[in-house]
Amino acid sequence: MSKTACSTCASRRSFLASSGVALAGLAAAPALASLQGCGDDEGSSIPKLTADITVPLSSLPGISAAGADASFVDSSYPYKIIVRFNGNSQYQAWSSYCNHEGCEVDYVGTGFDCPCHGATWSAQGVLKNGPATEDLLEFKVAVTGDSLTISNA
Ligand code: FES
């Protein structure tokens, strides 16, 4: 799922540059607040789960080898969830949501890449290169029998 940027909205950076409010310090706060909700998602929070998700391991093909990843979608969450198996019954899961403009990132073996504008994250979801401005949202993962329960951390 991708999101199209608002063509009439200014990014915070361009807004600050054109208005000179970067030097105005606290006086800029109300003006910056007016940018919330714009198609440019810089600085917005990444959507959290509205409920725990249980996913059978059988629905994550290829994830049985340590280091392998898989992704899935659930009707309760608008973005795919990426799961990685670290061995010894240890899993990690992240939202694929890129906070730049809402594209979905991919796990590429050594980290995460956003296909839209090239942002990158480490294998732990820590932001390495923008234009995204936030780490990926990591979820808590519990193993229950042959299923994973994914919840907000
Ligand atoms: S949406 Fe622009 S870098 Fe991800």
Side-chain angles (χ1 to χ4, degrees), residues 1-25 28-55 57 59-63 65-86 90-142 148-153:
M1 176 183 306
S2 65
K3 186 174 172 181
T4 303
C6 171
S7 61
T8 58
C9 296
S11 71
R12 282 191 191 153
R13 187 169 298 141
S14 65
F15 175 78
L16 291 172
S18 65
S19 66
V21 292
L23 300 176
L32 287 175
S34 71
L35 291 175
Q36 298 295 325
C38 177
D40 182 343
D41 283 343
E42 280 186 349
S44 67
S45 62
I46 299 171
K48 294 189 171 215
L49 299 177
T50 55
D52 291 355
I53 297 173
T54 298
V55 57
L57 284 167
S59 68
L60 301 172
I63 201 164
D69 70 288
S71 62
F72 70 96
V73 293
D74 185 88
S75 60
S76 68
Y77 191 71
Y79 301 95
K80 71 181 177 186
I81 294 172
I82 300 170
V83 178
R84 184 175 65 223
F85 178 49
N86 293 323
Q90 300 295 310
Y91 294 85
Q92 288 179 281
W94 295 267
S95 169
S96 64
Y97 179 85
C98 172
N99 88 309
H100 178 230
E101 290 185 358
C103 291
E104 292 185 302
V105 306
D106 298 310
Y107 184 67
V108 294
T110 57
F112 299 86
D113 289 354
C114 182
C116 291
H117 310 102
T120 59
W121 295 260
S122 73
Q124 293 301 314
V126 176
L127 182 65
K128 291 170 56 180
N129 297 297
T133 58
E134 293 183 55
D135 296 343
L136 298 179
L137 177 62
E138 185 172 358
F139 298 120
K140 189 166 56 178
V141 181
L148 304 178
T149 300
I150 297 173
S151 56
N152 291 314

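Just so you know, ligand 1 is whichever comes first in the structure, and atom 1 is the first atom listed for that ligand. Owing to the predicted nature of the structure, the values given are computational and were not obtained by experimental measurement.
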- What pairs with Tyr91 under ring pair (Phe, Tyr, Trp, His ring centres under 6.0 Å), at least two apart in sequence or on another chain? Phe85
- Query: Which residues pass the ring pair (Phe, Tyr, Trp, His ring centres under 6.0 Å) test with Phe112, sequence neighbours left out?
  - Reply: Trp94, Tyr107
- Quick one: closest heavy-atom pair of Ser122 and Lys128, and the distance? N-CD, 3.4 Å
- Message: Please find the pair of heavy atoms, one from Asn152 and one from Lys140, that lie closest to each other, and give the distance.
- Response: O-CE, 4.0 Å
- With sequence neighbours excluded, what pairs up with Asp106 under the salt bridge (Lys or Arg N to Asp or Glu O under 4.0 Å) test? Lys80
- Task: Keeping waters out of it, list the protein N, O or S atoms under 2.8 Å from atom 4 (Fe) of ligand 1.
- Result: Cys98 SG, Cys114 SG
- Query: Would you say Cys98 and Cys114 have SG atoms less than 2.5 angstrom apart?
  - Reply: no
